[in-house]
Trainee: 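The structure is given below, and queries will be raised subsequently.
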Amino acid sequence: MQKNILHLDLDTFFVSCERLIDSRLKHRPLMVGGVGDRGVVAACSYETRVFGVHSGMSMKVARRLCPQAVVIKGNAGIYTKYSQLVTEIIKEKVPVFEKASVDEFYADLTGMDKFYGTYKYASELRQTIIKDTGLPISFGLSTNKIVSKVATGEAKPNNQLKIDSGFEKSFLAPLSIRKIPSVGEKTYQILRNLGVEKVGMVQQMPVEMMRSALGLSGVTIWKRANGLDNPPLIPYHERKSISTERTFNKDTIDIAYLRTIIFAMAENLAFQLRRADKLASTISVKIRYSDFNTYNKQVKIAYSSADHIIIPTVLELFEKLYNRRLLVRLVGVKMNDIVSGNYQINLFDDTEKMLGLYKAMDGIRGRYGDSSIMRASSIGAKTIGRFQNPFNGEPPVLLAHRKQ
């Protein structure tokens, strides 16, 4: 049966959410992201893009390019709420869908041509989302995920495009090779050095040439350029790691403050594991200094989600990694190799009182929020926390911060 894959993408999602909250922002140049000079543009309106602004850019550079723009820090909780509204509409209307990020979806409409017509159904779904949420959204419809995603990009802003079966190559041929998903800056430069600029040129090349130039990724790009790559929809995202980072507004050498931040990060990540009945066996700490050199150190532990195991391990890694002669720009903590399971009580070291304390603290956090209760050592880092359970199958909100 001929596949019909729909790709939906909310246009400038963070910007659109802010404009729903405050109508005065409509039609004004708007940037969402870090408000300081070290911040990054998470999303920007189309009005700013004519000045060369794009998401992922340094906010300092973006302000210089478009000084008249309104800059908003943004609220992940609001974006999560609106993303969930769209998700519920799609879940109700389509049999199989994948939530690729907070603002991007795929749906399998295969077989609906017999009864209704996939393009008509996709059009009505888009109009329902616009009507019920007030958010602009675009879609692309074709025989596979890759062509549909490219079609959505060509349809934007707030429009739709269908690529009929058999016309995939002719649709892709005149486009820049940068339009192909997975072609980043480095790959693009390699292809440009080979004289390749348009997708049509890749279509004419033997696959062996692409393999010799780029390895296995070259084969993938060749298949995508020819409209042949057909990755499956992934209805649920199984998280194998969780992490948190903090970039400071001003480089610091305050060891007490750095330890407080690291302590709070470890405490919060351990809670996230326990809340989802997960365990981690690899812990890593990351430090970026003022000279932008970044260092990581990790260690394997027995599977655990306990504060009294994870927090000391994180602090020990930090002490080994930290160079006291340099100012610190960023610190982060990450838990890897995550599996389902509950913490196994240690017969000799664990006490009923300690386990009861974990249960009581987690209960308060579950009811009143991540930062509602914390150890005294974390008091100076109250902003460390999350707006949603990272193990609910939803992709992280930060995935919307991609270059658009």
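Keep in mind that this is a model prediction, so the values were computed, not measured.
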Trainee: Does Arg288 have any salt bridge (charged side-chain N to carboxylate O under 4.0 Å, His left out) partners at least two apart in sequence or in another chain, and if so, which?
Mentor: none
Trainee: Between the main-chain N or O of Leu30 and the side-chain N or O of Glu47, is there a donor-acceptor pair closer than 3.5 Å?
Mentor: no
Trainee: Measuring from Leu279:CG to Ile338:CD1, what's the distance to the nearest 0.5 Å?
Mentor: 9.5 Å
Trainee: What's the shortest heavy-atom distance between Leu233 and Val96, and which atoms?
Mentor: CD2-O, 3.9 Å
Trainee: Do Glu267 and Asp307 make a side-chain contact, defined as non-hydrogen atoms from C-beta onward lying under 4.5 Å apart?
Mentor: yes
Trainee: Under 3.5 Å, is there a donor-acceptor pair between the side chain of Thr133 and the main chain of Ile129?
Mentor: yes
Trainee: Report yes if the side chains of Ser340 and Lys278 come closer than 4.5 Å at any heavy-atom pair, otherwise no.
Mentor: yes
Trainee: Find out whether Ile72 and Asp22 are in side-chain contact, i.e. whether some heavy atom of one side chain is under 4.5 Å from a heavy atom of the other.
Mentor: no
Trainee: Rounded to the nearest 0.5 Å, how far apart are CG of Leu85 and OG1 of Thr80?
Mentor: 11.0 Å
Trainee: Checking Phe105 now: which residues fulfil ring-ring contact (aromatic ring centres under 6.0 Å, His included) with it, not counting sequence neighbours?
Mentor: none
Trainee: What is the minimum heavy-atom distance between Lys169 and Gln203, and which atoms define it?
Mentor: O-NE2, 3.1 Å
Trainee: Quick check for you: to the nearest 0.5 Å, what is the distance between Met335 atom CE and Ser281 atom OG?
Mentor: 11.0 Å
Trainee: Quick test of your reading: applying salt bridge (Lys or Arg N to Asp or Glu O under 4.0 Å), list the pairs with at least one residue in residues 69-85, sequence neighbours left out, ordered by first then second residue.
Mentor: none
Trainee: Please answer whether the main-chain N or O of Asp337 pairs with a side-chain N or O of Thr282 as donor and acceptor at a distance below 3.5 Å.
Mentor: no
Trainee: So, are Lys145 and Asp229 salt-bridged, with charged N and O less than 4.0 Å apart?
Mentor: no
Trainee: Using the six-membered ring wherever Trp is involved, compare the ring planes of Tyr106 and His7 and label them parallel, tilted or perpendicular (cut-offs 30° and 60°).
Mentor: tilted
Trainee: What heavy-atom pair brings Val299 and Thr313 nearest, and what distance separates the two atoms?
Mentor: CG1-CG2, 3.5 Å
Trainee: Please list, chain by chain and in numerical order, all residues satisfying side-chain hydrogen bond (donor to acceptor under 3.5 Å, both in side chains) with Arg63, sequence neighbours excluded.
Mentor: none
Trainee: Checking Glu316 now: which residues fulfil side-chain contact (heavy atoms from CB on, under 4.5 Å) with it, not counting sequence neighbours?
Mentor: Lys320
Trainee: Are the side chains of Leu161 and Phe171 in touch, meaning some heavy atoms are under 4.5 Å apart?
Mentor: yes
Trainee: Closer than 3.5 angstrom, by distance alone: can the side chain of Thr12 be matched with the main-chain N or O of Cys44 as a donor-acceptor pair?
Mentor: no
Trainee: Between Arg275 and Gln272, is the side chain to side chain donor-acceptor pair (under 3.5 Å) condition met? List the steps.
Mentor: CA-CA 5 Å; Arg275 176 166 66 173; Gln272 303 299 338; 2.5 Å; yes
Trainee: Can you list everything that forms a side-chain contact (heavy atoms from CB on, under 4.5 Å) with Ala69? Sequence neighbours excluded, please.
Mentor: Pro29, Met31, Thr48, Cys66
Trainee: Can you list everything that forms a side-chain contact (heavy atoms from CB on, under 4.5 Å) with Asn296? Sequence neighbours excluded, please.
Mentor: Lys286, Thr294
Trainee: Are the side chains of Arg178 and Arg192 in contact, using a 4.5 Å heavy-atom criterion?
Mentor: no
Trainee: Do Met265 and Val314 have side chains that get closer than 4.5 Å, going by heavy atoms?
Mentor: no
Trainee: Please determine whether side chain to side chain donor-acceptor pair (under 3.5 Å) holds for the pair Lys297 and Ser284, giving the CA-CA distance in whole Å, both sets of side-chain angles, and the decisive distance to 0.1 Å.
Mentor: CA-CA 5 Å; Lys297 189 174 283 292; Ser284 62; over 6 Å; no
Trainee: Determine the minimum heavy-atom distance between Gly34 and Met59, stating which atoms define it.
Mentor: O-CG, 3.2 Å
Trainee: To the nearest 0.5 Å, tell me how far Ile255 CD1 sits from Glu319 CD.
Mentor: 5.5 Å
Trainee: Write down the atom of Pro232, the atom of Glu98, and the distance for their closest heavy-atom approach.
Mentor: O-OE1, 4.0 Å
Trainee: Quick one: CD on Glu168 to CG on Asn226, what's the gap to the nearest 0.5 Å?
Mentor: 10.5 Å
Trainee: Output the distance between atom CD (Glu104) and atom CD1 (Ile137), rounded to the nearest 0.5 Å.
Mentor: 10.5 Å
Trainee: Going by side chain to side chain donor-acceptor pair (under 3.5 Å), Ser138 matches just one of Asn158, Asp11, Asp9, Thr152. Which one?
Mentor: Asp11
Trainee: Between Asn144 and Gly227 (side chain of the first, backbone of the second, donor and acceptor by atom type, cut-off under 3.5 Å), is there such a pair?
Mentor: yes
Trainee: Which pair of non-hydrogen atoms, one from Arg246 and one from Phe248, has the smallest distance, and what is that distance?
Mentor: CG-CE2, 3.6 Å
Trainee: Checking side chain to side chain contact (heavy atoms under 4.5 Å, CB included) for the pair Ile253/Tyr322: CA distance, chi angles, key distance, verdict?
Mentor: CA-CA 10 Å; Ile253 203 169; Tyr322 178 49; 3.2 Å; yes
Trainee: Would you check if the side chain of Asp164 reaches a backbone N or O of Phe167 as a donor-acceptor pair within less than 3.5 Å?
Mentor: no
Trainee: Can you list the residues that meet the salt bridge (charged side-chain N to carboxylate O under 4.0 Å, His left out) rule with Glu154, with sequence neighbours excluded?
Mentor: Lys179
Trainee: Strictly distance-based, threshold 3.5 Å: is any side-chain N or O of Arg224 a donor or acceptor partner for the main-chain N or O of Pro181?
Mentor: yes
Trainee: Tell me the salt bridge (Lys or Arg N to Asp or Glu O under 4.0 Å) pairs involving residues 197-208, sequence neighbours left out?
Mentor: none
Trainee: Leu273 vs Ile242, test: side chain to side chain contact (heavy atoms under 4.5 Å, CB included). Steps then yes/no.
Mentor: CA-CA 9 Å; Leu273 292 172; Ile242 55 173; 4.0 Å; yes
Trainee: Mind checking side-chain contact (heavy atoms from CB on, under 4.5 Å) for Leu20 and listing every partner two or more places apart, or none if nothing turns up?
Mentor: Tyr82, Leu135
Trainee: State whether Tyr46 and Arg49 meet the cation-pi test: NZ (Lys) or CZ (Arg) under 6.0 Å from the six-membered ring centroid, and within 45° of the perpendicular axis.
Mentor: yes
Trainee: Please evaluate residues Ile5 and Asp108 with respect to the criterion side chain to side chain contact (heavy atoms under 4.5 Å, CB included), reporting the C-alpha separation (whole Å), side-chain torsions for both, the decisive distance (0.1 Å), and the verdict.
Mentor: CA-CA 5 Å; Ile5 305 299; Asp108 191 342; 3.8 Å; yes
Trainee: Please output the side-chain donor-acceptor pairs of residues 216-223 that fall under 3.5 Å, not counting sequence neighbours, one pair per line with the distance.
Mentor:
residue: Ser217; atom: OG; partner: Leu214; partner atom: O; Å: 2.8
residue: Thr220; atom: OG1; partner: Leu216; partner atom: O; Å: 3.4
residue: Trp222; atom: NE1; partner: Met205; partner atom: O; Å: 2.9

Trainee: Mind running side chain to side chain donor-acceptor pair (under 3.5 Å) on Thr128 and Lys93 for me, showing each step along the way?
Mentor: CA-CA 10 Å; Thr128 299; Lys93 300 289 186 181; 5.1 Å; no
Trainee: Of all residues at least two apart in sequence or in a different chain, which pass the ring-ring contact (aromatic ring centres under 6.0 Å, His included) check with Tyr289?
Mentor: Tyr295
Trainee: Just so I know, are the side chains of Leu317 and Leu321 near enough to count as touching, which here means a heavy-atom distance under 4.5 Å?
Mentor: no
Trainee: Taking the side chain as every heavy atom from C-beta outward, state whether Leu10 and Tyr79 have any pair of such atoms under 4.5 Å apart.
Mentor: no
